[in-house]
Asker: 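So that we are looking at the same thing, I have put the structure below in structure tokens.
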Amino acid sequence: MRDDVRIRDVQDADLELFYEQQLDAEAVRRSRFPSREREVFMNHWVTKVLGDSTAFVQTVTVAGEPAGNIVAWWEDQKDQKDQEGHPGPQDPRRFVGYWFGRPFWGRGIATEALTLFLRLENNRPLYADPFTGNTASVRLLEKHGFQHTGTVRHGENEHAMLVLEKPDELHEEGSQPRL
């Protein structure tokens, strides 16, 4: 395990970095999640992400430097459709999502950060729906015990639906997270 990866509560100064990270064209291409204009982005983060008392939002740091974020939130699925066009489940689902700056890709940082996050986020089942072409993201979730349950469409893009039914298997029982 990397000792330099930590998670902590989001600070106001982190939002500017998160905004810059979501502008990265390659990250947008891989995630199929469109970037937002500054005002729209900041408003979303302040009102919908940080303003949601049921969300669990953490900044990931590497050697004290903010590297990205991980968020868990409740999402109503009534308006979602599966790959055959059938309506989604009626009950809300807990989702996890993350975004890391490109300098932190491919170094094991997301693996360590998600391990730390899942030690604290105890809601199960926990869902994720990465773009199917983002193999690194799909693999990250699989390493943490997420299982494929199908696909969903977000606009023209197919996303894998994965679910974690039980606690993360990458960490040892009883170990304490490094915050």
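This one's a predicted model, so the numbers in the text were calculated from it and none came from an experiment.
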Asker: Measure the acute angle between the ring planes of Phe131 and His159, then classify it against the limits of 30° and 60° as parallel, tilted or perpendicular.
Answerer: perpendicular
Asker: Are Arg8 and Asp14 close enough for a salt bridge, meaning some N to O gap below 4.0 Å?
Answerer: yes
Asker: Between the side chains of Tyr98 and Ser137, does any donor sit under 3.5 Å from an acceptor?
Answerer: yes
Asker: Assess whether a salt bridge exists between Arg38 and Glu20, defined as any Lys/Arg side-chain N lying under 4.0 Å from an Asp/Glu carboxylate O.
Answerer: no
Asker: Is there side-chain contact between Tyr19 and Trp45, with at least one heavy-atom pair below 4.5 Å?
Answerer: no
Asker: Using the ring pair (Phe, Tyr, Trp, His ring centres under 6.0 Å) criterion, which residues pair with Phe56? Sequence neighbours excluded.
Answerer: Phe117
Asker: State, without any angle test, whether Asn69 and Gln58 hold a side-chain donor-acceptor pair at a distance under 3.5 Å.
Answerer: no
Asker: Would you say the side chain of Thr115 lies within less than 4.5 Å of the side chain of His144, judging by non-hydrogen atoms?
Answerer: yes
Asker: Hey, does Ile70 have a side-chain heavy atom less than 4.5 Å from the side chain of Leu116?
Answerer: no
Asker: How about Leu126 and Leu118: do any of their side-chain heavy atoms sit closer than 4.5 Å?
Answerer: yes
Asker: Quick check: are there more than 12 heavy atoms from other residues, nucleotides or ligands sitting under 6.0 Å from CD of Glu39?
Answerer: no
Asker: If you define the side chain from C-beta out and look only at heavy atoms, does anything of Arg36 sit under 4.5 Å from Met42?
Answerer: no
